[in-house]
Structures are given as structure tokens and as C-alpha cells.
Trainee: 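Take this structure, written in C-alpha cells, and hold onto it; I'll ask about it next.
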Amino acid sequence: MTAARFRRLLTGAYLMLFFGYLFLPLGIMAAATFNSSRFPTVTPWMGFTLGWFQALWEDQRMWAALGTSLLVGAGVIALAVPLGLAAALLLDRLHSRAKTVLYALMVSPLLTPGVIVGISTLVFWREWFGVSGGLFLTVVAQSSFIAAYAMLLFSARLERFDPALEEAALDLGATHGQVFRRITLPYLMPAILSAALLAFLQSFENYNTTLFVRGLDTTLTVYIATKVRTGLTPAVNALSLVLIALTVLGAVVYEILRRREARRQAGSVTA
């Protein structure tokens with residue numbers, strides 16, 4: 001066996017193990033959705049059923065928790081993305097020794113355990129403003145560290161931005177607001193969309209921080225954790241399968257639109 005063939009076999013084996021590690025749990029989870037057993041498992045196999053999708057449809061508490069998670073995710077996008085953008089613009093325009101200190105302060109929430117973030121947010125708002133747990137505190141607590149993720153995305157995008165574009169616009173008589181709306185913001189639009197998606201996903205799956213600030217509201221992750229203690233059924237697997245299917249569908253639609261736009265741009269350049 002030649003060295004090149006051995007490397008190809010080794011690479012193929014590694015890829016099989018890698019993707020198996022990623023997707024095998026999802027496959028088992030999906031298979032458990034169709035097992036008639038009342039527990040989310042594939043062994044023993046009790047028979048094929050679609051009844052857990054009906055159970056999911058009838059679980060009103062789960063749908064309410066999902067709605068709460070979607071509402072919190074929208075609030076986090078509305079708060080964390082502008083905060084992250086403002087922080088990235090500040091760091092990009094700042095040229096002093098304080099830049100390193102500010103950068104460390106802005107990314108510090110990422111290094112803080114979610115439990116500490118949740119408890120400190122609850123104590124601060126309750127003691128100083130009399131605000132108890134609820135949707136508002138959930139959005140605020142999650143945004144306090146998710147904004148740092150958004151800031152890092154914007155900072156990476158701004159590293160490739162040419163400040164001469166803004167300077168030229170200002171020299172031609174544009175105001176700072178016009179420069180931001182017509183030059184900086186369009187350039188940052190891909191990063192804004194990425195930051196919004198990342199913020200939503202981080203909010204949707206968050207548990208540690210949300211648990212302490214949710215008050216009487218229940219997000220999907222908290223609801224599922226409660227079901228684990230009280231009795232988990234494959235209806236949760238059915239919900240996961242639906243979310244995976246929607247994610248894959250969204251990725252396929254995005255790729256189709258992206259390739260169509262690329263072909264359109266290539267055709268316009270050729271013309």
C-alpha cells in the first residue's frame with residue numbers, strides 16, 4: 001500500500017468517525033420519535049408510530065414555552081445586535097491604551113458563568129429598580145453576554161473596512177449620519193445578519209442564565225429540563241425532529257438563493 005493511499009484511507013476513516021460522532025445521536029433521536037415506547041429510546045423497539053407528533057401538537061405547554069423562547073430571541077436580537085455594533089464601532093475608532101482595557105471589559109461576560117450572570121442580573125434589577133424576573137430580565141440577562149458575540153463578529157468585519165470610503169464621503173459634504181447609513185451600514189449588513197442569527201440561536205438554547213431570571217415565564221429549554229425530571233416523552237424528540245427539518249430546509253433554500261444570485265451576478269458581469 002502506497003503512502004498516498006494510506007493517507008486517503010486514514011482521512012476517510014477520520015471523516016466517517018467525525019460525522020458519525022456528529023450525526024449518530026441525531027439519528028437515534030429521530031428514530032426514537034417513531035418508537036411507540038413511552039420513553040425516548042430505540043431499544044427495545046415497541047413498534048412504529050406517528051402518535052408522538054400528535055402528542056406534540058396537543059402539548060399546549062410546550063407550544064407556549066416555544067412561543068416564549070421565540071419572543072425572548074426576538075428581544076435579544078433587538079438589544080444585543082445594536083449593543084454589539086456600537087461596541088465594535090467604538091473599539092474600531094478608538095486609538096489609545098484604553099482600547100485594550102475596554103476590549104477586555106466588553107468580552108468579559110463571555111468568560112463569566114451563566115449562573116453568575118443570571119443571579120447578578122436578578123439581584124441588581126430587583127434591589128435597585130424593583131424589577132422581578134420575567135421576559136424583560138431574561139432578554140437583558142441574555143443580551144449582556146450575547147452582545148459580546150455580536151461585537152466580535154462586527155469587529156472582524158470592520159478589520160477589512162477601508163476608512164478612506166468614509167473620509168471621501170465626508171469630504172464630499174455628506175453628514176456622519178449619511179455616511180453611516182449609506183456606506184458603513186451596507187458594508188456591515190452581512191455581519192448584522194450573522195450576528196442576528198447567532199444571537200437568536202444563543203438565546204434559544206440558553207438555560208443557565210434563563211433559569212434565574214425567567215420568573216413565572218417558561219422557555220423551551222427550561223420546559224424540557226423540567227420534563228426530564230417529571231417524565232420525558234418522545235414528544236420532545238418529535239419537536240427536535242421538526243426543528244431539524246426546518247433548519248435543513250432553511251439551509252437548502254438559502255443555498256439555492258445564494259447560487260441563483262451568484263449566477264445572476266456572473267451573467268451581468270459577462271454581459
Trainee: Is Trp128 reachable from Val140 through a run of hydrophobic residues whose side-chain heavy atoms are each under 4.5 Å from the next?
Mentor: yes

Trainee: Please check if atom CG in Leu216 has more than 12 non-hydrogen atoms from other residues, nucleotides or ligands closer than 6.0 Å.
Mentor: no

Trainee: When clusters are formed by joining ILVMFWY residues with side-chain heavy atoms under 4.5 Å apart, either directly or through shared neighbours, do Leu94 and Leu158 land in the same one?
Mentor: no

Trainee: List the atom of Pro186, the atom of Arg182, and the distance in Å for their closest heavy-atom pair.
Mentor: CG-O, 3.4 Å

Trainee: Does Tyr223 have any side chain to side chain donor-acceptor pair (under 3.5 Å) partners at least two apart in sequence or in another chain, and if so, which?
Mentor: Asp59

Trainee: If hydrophobic residues (ILVMFWY) are linked whenever their side-chain heavy atoms come closer than 4.5 Å, directly or via other members, who joins Val123 in its cluster?
Mentor: Val115, Ile119, Tyr207, Leu211, Phe212, Val222

Trainee: Enumerate donor-acceptor pairs with a distance under 3.5 Å from any side-chain N or O in residues 141-152 to protein atoms, sequence neighbours excluded.
Mentor:
| unit_1 | atom_1 | unit_2 | atom_2 | d |
| --- | --- | --- | --- | --- |
| Gln142 | OE1 | Ser203 | OG | 2.5 |
| Gln142 | NE2 | Thr210 | OG1 | 2.7 |
| Ser143 | OG | Val139 | O | 2.7 |
| Ser144 | OG | Ala141 | O | 2.5 |

Trainee: Do Leu83 and Leu110 share a hydrophobic cluster (ILVMFWY, side-chain heavy atoms under 4.5 Å, transitive)?
Mentor: yes

Trainee: Using links of under 4.5 Å between side-chain heavy atoms of ILVMFWY residues, direct or through other members, which residues join Val253 in one cluster?
Mentor: Leu249, Leu257

Trainee: Give a yes or no on whether Leu197 and Tyr254 share a hydrophobic cluster (residues Ile, Leu, Val, Met, Phe, Trp, Tyr; joining criterion: side-chain heavy atoms under 4.5 Å apart).
Mentor: no

Trainee: Enter the distance from Phe34:CZ to Thr49:OG1 here, rounded to the nearest 0.5 Å.
Mentor: 10.0 Å

Trainee: List in chain and number order the residues that pass side chain to side chain contact (heavy atoms under 4.5 Å, CB included) with Trp57, two or more places apart in sequence or in another chain; answer none if no residue qualifies.
Mentor: Trp63

Trainee: Before giving the answer on side chain to side chain contact (heavy atoms under 4.5 Å, CB included), spell out for Leu220 and Thr68 the whole-Å C-alpha distance, their side-chain angles and the decisive distance to 0.1 Å.
Mentor: CA-CA 7 Å; Leu220 184 62; Thr68 301; over 6 Å; no

Trainee: Please give me the minimum heavy-atom distance between Leu239 and Met62, naming the atom from each residue.
Mentor: CD2-SD, 3.5 Å

Trainee: Distance check, rounded to the nearest 0.5 Å: Ile116 atom CD1 versus Thr121 atom OG1?
Mentor: 10.5 Å

Trainee: Count the heavy atoms belonging to other residues, nucleotides or ligands that lie under 6.0 Å from CZ of Arg93, then report whether that count exceeds 12.
Mentor: yes

Trainee: In Å, rounded to the nearest 0.5 Å, how long is the span from CG of Leu105 to OG1 of Thr100?
Mentor: 11.0 Å

Trainee: Should side-chain heavy atoms under 4.5 Å link Ile, Leu, Val, Met, Phe, Trp and Tyr, which residues sit in the same cluster as Ile28?
Mentor: Leu24, Val42

Trainee: Show, in sequence, the C-alpha distance, side-chain angles and deciding distance for Phe204 and Leu66, and conclude whether the side chain to side chain contact (heavy atoms under 4.5 Å, CB included) test is met.
Mentor: CA-CA 9 Å; Phe204 192 80; Leu66 176 61; 3.7 Å; yes

Trainee: Rounded to the nearest 0.5 Å, what separates atom CG in Asn35 from atom CG in Asn237?
Mentor: 10.0 Å

Trainee: Distance from Leu71 atom CG to Asp217 atom CG, nearest 0.5 Å?
Mentor: 9.0 Å

Trainee: Looking at every non-hydrogen atom in both residues, tell me the closest pair between Pro25 and Leu22 and how far apart they are.
Mentor: CD-O, 3.8 Å

Trainee: Give the intermediate values and the outcome of side chain to side chain contact (heavy atoms under 4.5 Å, CB included) for residues Phe154 and Asp92.
Mentor: CA-CA 10 Å; Phe154 292 130; Asp92 185 67; over 6 Å; no

Trainee: With side chains defined as the heavy atoms from C-beta onward, is the minimum distance between Ile183 and Phe161 less than 4.5 Å?
Mentor: yes

Trainee: Assess whether atom CD of Gln178 is packed by more than 12 heavy atoms of other residues, nucleotides or ligands within 6.0 Å.
Mentor: yes

Trainee: Answer yes if the ring centres of Phe180 and Tyr187 are under 6.0 angstrom apart, and no otherwise.
Mentor: no

Trainee: So, for Trp52 and Ser37, which heavy atoms are closest and what is the spacing to 0.1 Å?
Mentor: CZ2-O, 3.2 Å

Trainee: Could you give me the CA-CA distance, side-chain angles and deciding distance for Leu70 and Phe200, then say whether side chain to side chain contact (heavy atoms under 4.5 Å, CB included) is met?
Mentor: CA-CA 8 Å; Leu70 295 176; Phe200 177 80; 3.5 Å; yes

Trainee: Hey, does the side chain of Thr219 reach the backbone of Ser69 with a donor-acceptor pair shorter than 3.5 angstrom?
Mentor: no

Trainee: On the 0 to 90° scale, with breaks at 30° and 60°, tag the Trp125-Phe136 ring pair as parallel, tilted or perpendicular.
Mentor: perpendicular

Trainee: In terms of hydrophobic clustering (I, L, V, M, F, W, Y; side-chain heavy atoms under 4.5 Å; direct or indirect links), are Leu85 and Ile77 co-clustered?
Mentor: yes

Trainee: Shortest non-hydrogen contact from Leu91 to Lys99?
Mentor: O-CE, 3.0 Å

Trainee: Do the side chain of Ser36 and the main chain of Met46 share a donor and acceptor less than 3.5 angstrom apart?
Mentor: yes

Trainee: What's the shortest heavy-atom distance between Leu188 and Arg157, and which atoms?
Mentor: CD2-CG, 3.5 Å

Trainee: Return the CD1 to CZ distance between Ile244 and Phe23, rounded to the nearest 0.5 Å.
Mentor: 9.5 Å

